Amino acid sequence: MRSIDILSKTAAICLQRRAFGASMQQLAEKYPYLISRIAQQPSQQVALTFSKQHDGVQTGAIIGWLQPKNIDAMAIDGQQIRPQDFTENKDFWPHVVEVLSRHAHKDPELQSQAAYFKNGWMNVVDNRNPPPPGRTGDAEDILGSVLVENKVIAPGSFQANWAHRPVTRHGLFQLPRHLHEQL
C-alpha cells in the first residue's frame with residue numbers, strides 16, 4: 001500500500017472524535033467510533049480514516065475523501081457526512097470485507113442474532129440504519145450475509161453485498177463494535 005505523505009504536522013488537520021463546536025460526549029452519542037480528517041493543504045480533499053496516525057496514513061486505511069468546500073461547517077460526526085460530499089476509496093472496502101470474512105462468526109452481536117435463526121443466510125446489517133425487527137434493510141444498508149447452520153455462524157461464510165454504500169443519507173457506515181475493532 002502506498003503511504004500518503006503529509007507535508008508537515010502543522011499542515012495536517014486531524015480531528016479525533018471531535019466536531020466543530022460539539023463535545024466529546026455529544027459525538028459519542030451520535031457516532032460511536034473515532035474518525036480522523038487529514039488534509040495536506042486546505043484546497044485539497046480531506047482524507048477520512050479511522051486511523052489515529054498523524055504523519056501518514058496507508059491508502060488502504062482511508063475510507064474516502066471529503067470535498068474541501070464548506071469543510072469548516074461540516075461536522076466530523078459520521079452521521080452528518082453526506083454522500084454528495086464524499087468520494088469512496090475503492091482500496092478500503094476490500095479490507096472491510098476481509099475483516100468481516102475472518103471475524104463475523106466471532107462477533108457477539110451477530111452470534112446473538114444467529115441464535116434465533118435456524119439455517120440459511122442471515123443478513124449482516126449496517127448499524128447506521130438498522131431495519132425494524134423482522135424486516136429486511138435497504139440494500140445500501142446491508143453489508144452482506146453469513147451462513148447460519150444450527151443457530152451458529154459458519155466461519156468464513158461472509159458474502160459481501162456490493163450494493164452496500166459506505167456513506168448514505170444516514171451517514172457513515174457502522175460495524176458492530178467487535179468487528180470495528182478488527183479494522
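This is a predicted model, so every value here is computed, not measured. Heads up: numbering here begins at 1 and tracks the sequence.
One hydrophobic cluster, built from ILVMFWY side chains closer than 4.5 Å, holds both W162 and F158.
Other members of the hydrophobic cluster containing L147, listed by chain and number, are W121; membership follows side-chain contacts under 4.5 Å among ILVMFWY residues, whether direct or relayed.
Here E88 pairs with F86, K90, W93, P166 under the side-chain contact (heavy atoms from CB on, under 4.5 Å) rule; sequence neighbours left out. Remark: N161 engages I142, A163, H164 in a side-chain contact (heavy atoms from CB on, under 4.5 Å) (not counting sequence neighbours). Remark: V125 pairs with N123, P131 by the side-chain contact (heavy atoms from CB on, under 4.5 Å) rule, at least two apart or across chains. Not counting sequence neighbours, the partners of D138 by the side-chain contact (heavy atoms from CB on, under 4.5 Å) test are N129, E140, D141, R169.
A heavy-atom distance below 4.5 Å is not found between the side chains of N119 and V148. Contact check for N127 versus L175: no side-chain heavy atoms found under the 4.5 Å cut-off. M122 is listed as a side-chain neighbour of I153, based on a closest heavy-atom distance under 4.5 Å. Two residues are said to be in side-chain contact when any heavy atoms from C-beta on lie closer than 4.5 Å; H178 and E109 fail this criterion.
Atom-to-atom distance recorded for R102:CZ and Q182:CD is 10.5 Å, nearest 0.5 angstrom. Taking CG from L100 and OG from S145, the interatomic distance works out to 11.0 Å, rounded to the nearest 0.5 Å. The CD atom of Q174 sits 9.5 Å away from atom NE2 of H180, with the distance rounded to the nearest 0.5 Å. With rounding to the nearest 0.5 angstrom, the CG atom of L66 is 7.0 Å from the CG atom of D85.
Ring geometry, F173 versus F50: the interplanar angle exceeds 60°, so the pair is classed perpendicular (tilted spans 30 to 60°).
Looking only at distances, a side-chain donor or acceptor of T49 sits under 3.5 Å from a matching main-chain atom of A61. The main-chain N or O of H170 is never found under 3.5 Å from a side-chain atom of R128 such that the two would form a donor-acceptor pair. With N89 contributing its side chain and I63 its backbone, the two residues share no donor-acceptor pair below 3.5 Å.
Here salt bridge (Lys or Arg N to Asp or Glu O under 4.0 Å) pairs that include residues 147-166, with residues two or more places apart or in two chains, number zero.
Residues A160 and V97 come closest through the heavy atom pair CB-CG2, 3.8 Å.
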